Novice: 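This is the structure, below, for whatever I ask next.
Throughout, a chain's letter reflects where its sequence line sits, starting with A, and its residues are numbered from 1. Hydrogens, waters and symmetry mates are skipped; everything else that's a heavy atom, side chains included, is used. Computed from a prediction, not measured in an experiment: that's the story for all the values here.
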Amino acid sequence: MIKAAEHLDHESGNGHGQAPEVHPVRVRILRQDVAGGESYWERYEVPHEPNMNVISVLQKIAALARTRDGRRVAPVAWDCSCLEEVCGSCTMLINGRTRMACSALVDKLLAEDPVEIEIRPMSKFPVVRDLVVDRRRLFRSLERVKAWVPVDDSYDHGPGPRISPEQQQDAYPLAECISCGCCLEACPQFTKIELSRGDAESEADFEARRRQAFDANFVGPHAISQAMLFNAHPTGGMIADERLEALTSKGGIQMCGNAQNCVAVCPKRIPLTRSIARAGRAATVWAIKKLFDR
Amino acid sequence: MPGVVAAGPPPILPKVSACDGDRRVPTAACSTPRKPPVSESSFLERNQFLIYRLFSLSGLIPVGAFLVVHLLTNASVLGGAASFQSRVDMIHSLGPLLVPVEVAFIFLPLAFHAAVGFLIVANGLPNVGSYPYVGNVRYTLQRVTGMIAAAFIVWHVLQLHWLGTPVGGGQFDPHYASSSAAVAIRPLWVTALYAVGVLSVVFHFANGLWTLGITWGIWTSPAAMRRANAVSVVVGLVLAAAGLGALGGLRTLDVDQARATERWMEEQREQRLPPSGETSTVQPTSTTGKGE
Ligand code: HEM
Ligand code: SF4
Ligand code: SF4
Ligand code: FES
């Protein structure tokens, strides 16, 4: 507690000059004003404070709204919410690697590159503005594999089936997914889809076209893993076949090229490659079953 | 996120109906079909999973199996010209069946694997620069070695197989197996290209063996993947040794002596004596055909 208090004291930096001389933090951010627009770099500088993370740097930049050379600019836009690596909304490319801005500590980043911290929006999703991206496809993938337990009525069905502690242990890590999209960003087989609405196209037709584009391409490791999570669940498993059908349709599990980047970058350390291999096995069995049970 | 059921994305309402949440988009299972606002999918798209699995399988059987037999056969040149010749004779004892067998079990599956392989390469977006993990390096090498393999195999077939005769290749003579191959690879740059080609193909196959096990779900846990990886490494090392061994064997071959052995073996065949095995035991001159 005393330590924390000291920290606070130190952090408030009210001019008593004892704090060791630290260089200000230099940041370069890839900005973009509108969806589909040109992107451009801007450089900023904020005072260094202990235990800073990238979100606190972005907050200071927003408050400053000035570049390093003193030009007044619109504040940088970004997404964040929980600030504790749970909501999954603050994914960015920080020093070239996909990670959660809220848990990316400035001192560690400066150890990687002492000159400057580089921040870019995710490259696999369309930019909405600055660091804000449109991750609709990530959620559409979860819909494609029906990543839920199908109980859609208000009747009392009694207690559900029991789940053994072993099953729970196996499933829990998969349930920790925060839908951050880091795995998709790092996956060499998952590539960006960015469409724009045609002049004569209605909003509904555009939405349908976008959805078809999503559905024709790789679902991604997060969705494969969620499909395995819900297939292993006694009630969720009731529609296991529908999930396998989705995983073996276009853009399904076959798109994975086994680079295993997904598992390496997942902030929740979800055993994605185990899920992928399990899905591969289930898909093998499913395809054979389909062939002979028809 | 406590509890198992609670996982997954909160914004999605569970639906038991066959229709998807968004009613504007008709799905195949939806009971009220509407004119799709977008294009229908093609045959290839509908069978993508099957095609990719056949691609994966073709890498092992028959293409990979052929590769193993091919490299081990070639390595028999280390046992001397006669030993290699007798194996080549065995293959060529298929006579007129050899061409259809080659086409059906080697050329067509390889062409299929290569075609889908190039498609996969074209659709991927390698990123080892940003994510230099071992798995990612292997992913990238798998693609690079696949493309090297394609170029190498085309060149190799034209250079040695009779199919290449019209373009000045076709240098391999099945009756003079070791000597004709030794002459063909003798220039240092040719041997060097062969070494690169063989090592690329071997890496591609050994690494492919490991990924194939994940693709089909043969090894699923990280520990099982590590064990399978060890096996793949051993397979790769053995095949690399066999491939490079054959090159070394050809380079150190005494071509004149090998040719004498091969001519003698051919005469034996023409006298309709039992080929291969038994002939070598009654052979008058050196059976090795190797230099001193
Ligand atoms: C000697 C010939 C070849 C053999 C024995 C061979 C074998 C294999 C094997 C066993 C796999 C693993 C499949 C899997 O992970 O499920 C594979 C994958 C692959 N092969 Fe080949 N292959 C050969 C030639 C080629 C050629 C000419 C290409 C053309 C570019 C190619 C491109 C690929 C690619 C891109 C993959 C990775 C697929 C993925 O992981 O998504 N291969 N190969
Ligand atoms: S293992 Fe598959 S899903 Fe994961 S990063 Fe590699 S290609 Fe993508
Ligand atoms: S699997 Fe991991 S990296 Fe992928 S979305 Fe979930 S938490 Fe993020
Ligand atoms: S703000 Fe929620 S994960 Fe970073």
Novice: Which of the residues B:Trp210, B:Trp219, B:Tyr52 is involved in the greatest number of heavy-atom pairs with chain A at under 4.5 angstrom?
Specialist: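 The residue among B:Trp210, B:Trp219, B:Tyr52 with the greatest pair count is B:Tyr52.
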Novice: Relative to chain B, which segment of A:Lys192 carries a heavy atom at a distance below 4.5 Å: side chain, backbone, both, or neither?
Specialist: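 It is neither, since no heavy atom gets under 4.5 Å.
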Novice: Under a 4.5 Å heavy-atom cut-off, does chain A meet the side chain of B:Leu44, its backbone, both or neither?
Specialist: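 B:Leu44 has no heavy atom closer than 4.5 Å to chain A.
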Novice: Looking at A:Ala264, A:Ala282, A:Ala287, which makes the most heavy-atom pairs under 4.5 Å with chain B?
Specialist: A:Ala264
Novice: Answer whether the closest heavy-atom distance between the side chains of B:Ser232 and B:Asn207 falls below 4.5 Å.
Specialist: no
Novice: Which class fits the ring pair B:Phe152 and B:His156: parallel under 30°, tilted 30 to 60°, perpendicular over 60°?
Specialist: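 Aromatic pair B:Phe152/B:His156 classed parallel.
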Novice: When heavy-atom pairs shorter than 4.5 Å are enumerated against chain B, which of A:Ile253, A:Leu247, A:Thr98, A:Leu138 gives the highest number?
Specialist: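 Looking at each of A:Ile253, A:Leu247, A:Thr98, A:Leu138 in turn, A:Thr98 comes out on top.
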Novice: For B:Arg143, is it the side chain, the backbone, both, or neither that has a heavy atom closer than 4.5 Å to a heavy atom of chain A?
Specialist: side chain
Novice: Given a strict heavy-atom distance threshold of 4.5 Å, which part of A:Ala232 is in contact with chain B: side chain, backbone, both, or neither?
Specialist: neither
Novice: Looking at A:Arg197, I want to see if its CZ is surrounded by more than 12 non-hydrogen atoms of other residues, nucleotides or ligands under 6.0 Å.
Specialist: yes
Novice: Flag the pair A:Arg140 / A:Arg210 as yes when at least one side-chain heavy-atom distance between them is below 4.5 Å, and no otherwise.
Specialist: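 SC-SC contact between A:Arg140 and A:Arg210 ruled out.
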Novice: Side chain, backbone, both or neither: which part of B:Asn123 has a non-hydrogen atom closer than 4.5 Å to chain A?
Specialist: backbone
Novice: Quick one: are B:Met147 and B:Val121 in side-chain contact, heavy atoms under 4.5 Å?
Specialist: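 The answer is yes; the side chains approach within 4.5 Å.
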Novice: Does A:Lys290 pair with A:Asp241 as a salt bridge, N-O distance under 4.0 Å?
Specialist: no
Novice: Is there a side-chain contact between A:Leu142 and A:Trp148 in this structure, where contact means two heavy atoms from C-beta onward sitting under 4.5 Å apart?
Specialist: no
Novice: Would you mind checking if A:Glu176 and A:Arg269 are paired as a salt bridge, meaning a charged N to carboxylate O distance below 4.0 Å?
Specialist: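 Salt bridge: no.
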Novice: Which residues in residues 103-115 of chain B have a heavy atom less than 4.5 Å from any heavy atom of chain A?
Specialist: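 Not one residue of residues 103-115 of chain B has a heavy atom under 4.5 Å from chain A.
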Novice: Does the side chain of A:Val263 come within less than 4.5 Å of A:Ile276's, by heavy atoms?
Specialist: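 With C-beta onward as the side chain, the pair stays apart.
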Novice: Hey, does A:Glu185 have a side-chain heavy atom less than 4.5 Å from the side chain of A:Val265?
Specialist: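 Sidechains of A:Glu185 and A:Val265: no contact.
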Novice: For A:Thr273, is it the side chain, the backbone, both or neither that has a heavy atom under 4.5 Å from a heavy atom of chain B?
Specialist: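 When you check distances to chain B, atoms from both the backbone and side chain of A:Thr273 fall under 4.5 Å.
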Novice: What part of A:Gln260 lies closer than 4.5 angstrom to a heavy atom of chain B: side chain, backbone, both or neither?
Specialist: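 Looking at A:Gln260, just its side chain touches chain B.
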Novice: Measure the acute angle between the ring planes of B:Phe66 and B:His70, then classify it against the limits of 30° and 60° as parallel, tilted or perpendicular.
Specialist: parallel
Novice: Identify which of A:Arg278, A:Arg274, A:His222, A:Met238 forms the greatest number of heavy-atom pairs closer than 4.5 Å to chain B.
Specialist: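 Of the options given, most contacts go to A:Arg274.
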